[in-house]
2 protein chains.
Amino acid sequence: MATRTVEDYIKRIYLEQQAGLELVPFGRLASAMDVVPGTVTTMVKALADSGLVGYEPRQGVRLTPAGEMLALHVLRRHRLIELFLVRVLRFDWSEVHDEAEELEHAVSERLIERIDELLGRPGYDPHGDPIPDATGRVAQRNLESLSSARSSGRGTIARIADQDPEFLRYATDRGLIPGAVLTVESVDPIGESIRLVVGDRSLTLGRTAAAKILVAWASPLGSDLDRVDAGTNG
Amino acid sequence: MATRTVEDYIKRIYLEQQAGLELVPFGRLASAMDVVPGTVTTMVKALADSGLVGYEPRQGVRLTPAGEMLALHVLRRHRLIELFLVRVLRFDWSEVHDEAEELEHAVSERLIERIDELLGRPGYDPHGDPIPDATGRVAQRNLESLSSARSSGRGTIARIADQDPEFLRYATDRGLIPGAVLTVESVDPIGESIRLVVGDRSLTLGRTAAAKILVAWASPLGSDLDRVDAGTNG
DNA sequence: CTCACTATTTTGAACACTCAAATTGGAATA
DNA sequence: TATTCCAATTTGAGTGTTCAAAATAGTGAG
């Protein structure tokens with residue numbers, strides 16, 4: 001059985017890879033896990049011994065298929081728990097992350113199955129992150145970051161890529177939640193800001209904030225990317 | 001912060017004291033915790049250092065007020081989780097113990113408060129065990145074990161003092177669940193068995209099985225011991 | 001009073017994880 | 001080529017929990 005720490009490392013490596021790194025550098029992993037670099041070296045060797053990761057010394061780590069499978073199971077638990085807390089226990093989506101971080105290591109396979117069933121086998125958590133199914137399959141979506149918008153256009157918010165409660169409350173206050181339709185009014189590449197309209201509100205976002213908002217752009221013909229179901233928020 | 005292991009030891013010591021021991025012998029604690037005796041000696045010293053227990057060398061351990069407070073908080077979490085699993089997630093009461101054993105160490109104070117509120121601040125878990133409130137207060141009941149019955153009589157089952165799923169399924173099959181009314185037909189002190197009627201069923205129980213069934217006897221005038229609310233089972 | 005028995009305690013070691021601090025490797029710079 | 005610098009690694013140590021096995025204390029029997 002994978003220990004709690006092992007699950008956390010594997011999950012973190014998966015998320016870093018997901019964020020675009022094929023090989024996660026040790027230093028990055030160290031700061032993400034909030035441990036000293038030497039600890040990562042030690043742990044990565046142990047993870048490699050149990051076949052969950054492969055690594056190039058002084059280069060970085062990468063998950064093996066077994067590691068990826070474990071990561072997907074942990075994320076499945078985490079995201080189902082988040083949605084459960086929001087839907088059933090009426091938590092606000094801005095405050096479920098830390099709770100799920102604990103519970104993901106404590107719930108049994110049986111309990112997760114019950115929750116999945118009760119929620120109707122959802123595909124996305126309250127933040128719009130995809131929930132892997134019991135076999136590890138994840139829905140693939142072609143989303144674009146709001147910061148990559150080059151001109152005006154309409155789209156639906158599909159995902160908020162930040163778990164910080166403060167940012168999430170800020171987003172909620174402005175209607176920036178998965179499922180909301182937004183219109184980009186103008187983009188200022190030099191000033192690094194973007195003006196948009198959400199509902200009846202007009203607002204301006206800086207580049208780094210906009211980078212956290214993932215959007216499915218409305219195509220003229222209405223492709224299936226328009227249909228975003230990201231669960232209930234609030 | 002008390003570690004998971006510490007919480008388990010403290011909870012166990014509380015339960016053993018509750019079962020009638022003022023001073024819990026190390027050997028008993030060792031087998032209850034499923035560790036070798038030496039481990040208990042080490043742990044008890046550590047617990048004493050943090051002020052949670054007091055102990056007489058070679059005699060046994062006892063909780064301090066601080067230890068009792070901790071035990072009550074852990075039991076509160078455990079029992080609220082059990083009831084939540086039964087009521088909300090439709091688990092059978094025979095299968096919630098192990099799950100709660102894990103979750104009790106992972107839930108936050110905030111989540112427990114939500115659950116408590118959602119369930120309507122219940123006083124008892126599915127097995128009839130009392131749920132301490134947030135300040136550590138526990139309902140006191142004057143229950144008697146079915147094995148102590150000396151003659152025929154009527155009463156209400158208030159609590160089943162065994163968490164073994166097999167025993168609980170056996171009990172469920174025979175209608176021996178908290179809230180059920182039973183009538184003692186006859187007691188055989190030599191054969192160590194007791195005949196009773198529950199609902200429309202008649203059955204015979206041995207002494208040790210009967211010892212696990214705690215009953216509030218019906219008084220002729222109907223005291224408030226008759227009113228047993230032990231939540232929903234099933 | 002001594003023996004035997006059982007419960008408890010001590011000792012030394014292990015495992016999983018972590019840190020601080022010294023060292024090394026490799027790449028970029030001068 | 002020699003120097004500098006940063007990332008990664010090694011080393012030695014500590015924490016919390018556990019075990020196996022040897023030593024000891026107390027209790028009751030003879």
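In what follows, every chain begins at residue 1, and chains take the letters A, B, ... in the order their sequences are listed. Note that the structure is a prediction, hence the values are computed from the model and not measured.
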Can you tell me the distance, in whole Å, between the CD atom of Glu56(A) and the P atom of dT9(D)? 11 Å
Does the side chain of Lys45(B) get closer than 4.0 angstrom to OP1 or OP2 of dT9(C) through an N or O atom? no
Taken to the nearest whole Å, OH/Tyr9(B) to P/dG16(D) is 14 Å
Please determine, for the side chain of Arg58(B), which listed nucleotide (dA7(C), dT10(D), dC17(C)) has the closest atom? dA7(C)
Under 4.0 angstrom, heavy atoms only, what part of the nucleic acid is Thr5(B) near: base, sugar-phosphate, or nothing? sugar-phosphate
Is there a donor-acceptor contact under 3.5 Å from the side chain of Glu7(A) to the main chain of His105(A)? no
Using only side-chain N and O atoms of Thr42(B), determine if any of them is under 4.0 Å from OP1 or OP2 of dT9(C). no
Interatomic distance, Arg12(B) CZ vs dT17(D) P [rounded to whole Å]: 17 Å
From C-beta outward on Val35(B), which listed nucleotide comes closest to its side chain: dC19(D), dC17(C), dG26(C)? dC19(D)
Go through Lys11(A) and Glu101(A) one step at a time and tell me if the salt bridge (charged side-chain N to carboxylate O under 4.0 Å, His left out) criterion holds. CA-CA 11 Å; Lys11(A) 180 180 61 173; Glu101(A) 206 73 9; 2.6 Å; yes
Indicate whether OP1 or OP2 belonging to dC19(D) is found under 4.0 Å from a side-chain N or O atom of Thr39(B). yes
Among the nucleotides dT9(D), dT9(C), dC19(C), which one has an atom lying closest to any side-chain atom of Thr41(A)? dT9(D)
Identify whether any heavy atom of Gly27(B) sits under 4.0 Å from a base atom; if not, whether one sits that close to sugar-phosphate; answer base, sugar-phosphate or nothing. sugar-phosphate
For the pair made of CZ in Arg4(B) and P in dC17(C), what is the distance, rounded to whole Å? 15 Å
Euclidean distance, atom CG of residue Leu47(A) to atom P of dT18(C) [Å, nearest integer]: 10 Å
